[in-house]
Trainee: 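One structure, as structure tokens, below. Some questions next.
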Amino acid sequence: WYIANIENPFTVTAFTKPYSDESVWAMDDKYLIGQTYHYDECLVAFLSDYHIYDMHNGGLCEEKSGSELSQFDISMCDYDQGVILFEAHDEKMATKGLYLWDISDMTAVEPARSYETIDYHVDQAHIDELTQEIYDQYGVSVYYDAEHLKEYSTDYDLIACSDTTQLGYTLVRLKECMAEYPDGFFREIKGERISNVVFCLCDTHDRIDTDTIEDASATVATIGDTLRMSIDVHYWQGLRRIFLHENTHMMENRLEEEMQKISSRNYTEYWYKEMNSPECPPIQHYIWEQTDENLKGVYDVDPDNACYIDWYSKCTINEDHARIMENGIYSESARYFTAPRIDAKSRFLNAMIREAFPCVKNSQQEVFWEQRTGIVDLYQEFPEFIGQR
């Protein structure tokens with residue numbers, strides 16, 4: 001196998017693959033998973049063997065072989081949490097999620113913990129149970145029926161999904177994503193102008209407004225006094241990253257309200273005037289062309305002077321916030337925050353969120369998106385923003 005360094009594709013690590021017929025794919029930025037087959041004469045069947053490798057030294061971390069996995073085929077790898085999902089071949093069995101390797105603490109010297117099997121009974125009863133749990137715990141209503149999707153359509157028509165499995169998987173992942181946030185967060189996100197928070201699970205987003213992106217995986221809109229996030233169920237595999245992005249959009253109303261109470265400065269103006277270089281103005285719309293002007297300040301073009309992670313961050317201040325939050329917790333995105341302006345933006349955003357949300361402010365520990373920056377005090381680190389009222 002040859003492992004390319006994504007930051008420098010000409011730097012390649014090579015190691016001999018032990019199985020000539022092995023197929024392999026990457027899992028986050030550290031590990032590879034290989035799959036081979038062998039014929040079992042007793043079962044008269046080909047069985048899968050799975051191997052996991054440390055990318056950095058080529059070491060075999062753990063190997064699973066034999067009949068214990070023979071009834072499963074890999075259908076998806078979840079790079080967020082080191083989860084591999086399998087589907088059972090036996091029609092009598094419910095779809096199963098097989099948590100094969102927990103990669104969080106794994107090293108080449110000390111293999112991962114053994115896999116554990118968790119049943120996913122994705123049927124209507126399970127879906128009803130999950131939607132009720134989300135409402136009871138977070139005060140958020142989840143809808144997926146055509147009537148509610150039509151009610152909450154705005155710049156996109158939300159098309160209903162009839163695939164129970166896709167809906168069920170999305171709800172399982174959605175509940176996992178919400179559980180990462182501090183207790184009370186989704187009730188506090190309402191602020192003063194919002195009475196209801198709803199999530200709409202849809203099959204597709206059909207674009208109405210041409211000044212929006214095509215093939216949206218998720219969107220956020222304010223409809224009257226309701227704050228709505230819509231999620232395309234086909235993107236459930238990468239939902240954690242999508243949810244980080246879209247939930248940052250959900251915070252904007254609260255951030256604006258709370259910053260107005262403590263500062264005489266408009267935080268949007270401060271963001272662009274103090275955080276960005278005046279030579280790299282935002283685009284302020286979604287119709288993008290690859291021009292020199294539009295690429296100014298983008299990390300991959302000029303990392304030392306970068307103001308933006310990518311061109312999408314330049315579209316609006318909300319997208320800038322969301323792209324920073326979306327990338328802030330992943331090791332493969334750490335390079336963006338070596339740019340001083342992007343790092344400063346990240347610290348300012350985290351400081352505003354901590355000040356605006358009591359459940360975050362009251363936490364003595366870092367919340368999960370603060371792990372890179374640590375706790376940032378808005379008053380101490382950004383006194384010029386607070387100003388005099």
Side-chain angles (χ1 to χ4, degrees), residues 6-7 28-29 77-83 170 173-182 185-186 189 199 205 212-221 227-255 268 271 275-276 282-283 286 288 297-300 303 306-339 341-354 356-357 360 366-374 376:
I6 195 168
E7 295 180 23
D28 78 11
D29 61 348
C77 290
D78 184 344
Y79 304 147
D80 294 342
Q81 298 175 359
V83 175
T170 303
R173 296 294 286 121
L174 179 61
K175 194 165 181 285
E176 290 173 351
C177 291
M178 297 177 75
E180 290 193 281
Y181 288 78
F185 186 90
F186 293 97
I189 209 170
F199 294 152
H205 292 85
T212 54
I213 62 171
E214 296 184 79
D215 303 318
S217 57
T219 67
V220 167
L227 188 58
R228 182 226 70 201
M229 183 193 299
S230 62
I231 301 169
D232 184 328
V233 297
H234 298 94
Y235 290 89
W236 65 269
Q237 297 96 328
L239 187 59
R240 189 188 190 209
R241 187 181 286 273
I242 291 169
F243 192 79
L244 278 165
H245 183 108
E246 299 301 329
N247 199 47
T248 309
H249 292 329
M250 300 276 280
M251 299 181 201
E252 297 289 355
N253 283 333
R254 173 108 196 180
L255 285 179
T268 301
W271 183 271
M275 298 291 171
N276 283 348
I283 301 172
Y286 291 94
W288 185 81
V298 171
Y299 181 87
D300 286 338
C307 301
Y308 303 95
I309 287 175
D310 55 13
W311 72 267
Y312 196 67
S313 303
K314 296 189 74 172
C315 293
T316 67
I317 186 174
N318 291 357
E319 299 301 352
D320 204 5
H321 288 168
R323 288 292 283 154
I324 287 170
M325 180 67 78
E326 174 190 350
N327 285 279
I329 67 171
Y330 291 108
S331 58
E332 71 269 23
S333 303
R335 65 188 187 279
Y336 296 134
F337 301 96
T338 60
R341 289 183 183 275
I342 296 177
D343 182 60
K345 284 183 180 181
S346 175
R347 298 184 67 80
F348 181 51
L349 178 60
N350 284 357
M352 286 196 296
I353 295 171
R354 180 163 276 273
F357 287 82
V360 183
E366 299 166 358
V367 293
F368 75 98
W369 64 80
E370 295 176 326
Q371 291 175 10
R372 188 186 57 80
T373 65
V376 184

Trainee: Just by distance, do the side chain of R354 and the backbone of V360 share a donor-acceptor pair under 3.5 Å?
Mentor: yes
Trainee: Are the side chain of K345 and the backbone N or O of W271 linked by a donor-acceptor pair below 3.5 Å?
Mentor: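 Here the side-chain-to-backbone pair does not exist.
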Trainee: Please name all residues satisfying salt bridge (Lys or Arg N to Asp or Glu O under 4.0 Å) with R323, sequence neighbours left out, ordered by chain then number.
Mentor: D310, E326
Trainee: Please enumerate all residues that pass side-chain hydrogen bond (donor to acceptor under 3.5 Å, both in side chains) together with T170, with sequence neighbours excluded.
Mentor: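 Per chain and number, T170 pairs via side-chain hydrogen bond (donor to acceptor under 3.5 Å, both in side chains) with no residue.
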Trainee: Specify whether W369 and F185 have parallel, tilted or perpendicular ring planes, treating 30° as the upper limit for parallel and 60° as the lower limit for perpendicular.
Mentor: perpendicular
Trainee: Hey, can you tell me if H249 and H245 have their rings parallel, tilted or perpendicular (30° and 60° cut-offs)?
Mentor: perpendicular
Trainee: Can you tell if the side chain of E319 reaches within under 4.5 Å of the side chain of Y286, non-hydrogen atoms only?
Mentor: yes
Trainee: Check whether R347 reaches the backbone of V376 with its side chain - one donor and one acceptor, N or O, closer than 3.5 Å.
Mentor: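 Not a single qualifying donor-acceptor pair exists.
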Trainee: Among N350, N327, D343, which residue satisfies the side-chain hydrogen bond (donor to acceptor under 3.5 Å, both in side chains) criterion with R372?
Mentor: D343
Trainee: Do T248 side-chain atoms and L244 backbone N/O form a donor-acceptor pair below 3.5 Å?
Mentor: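 Yes; at least one donor-acceptor contact below 3.5 Å.
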Trainee: In Å, rounded to the nearest 0.5 Å, how long is the span from OG1 of T373 to CD of E366?
Mentor: 7.0 Å
Trainee: Describe, in one word, how the ring planes of Y336 and Y299 are oriented to each other, choosing from parallel (under 30°), tilted (30 to 60°) and perpendicular (over 60°).
Mentor: perpendicular
Trainee: Look only at the side chain of R341 and the backbone of M275, and say whether a donor-acceptor pair between them is shorter than 3.5 Å.
Mentor: yes
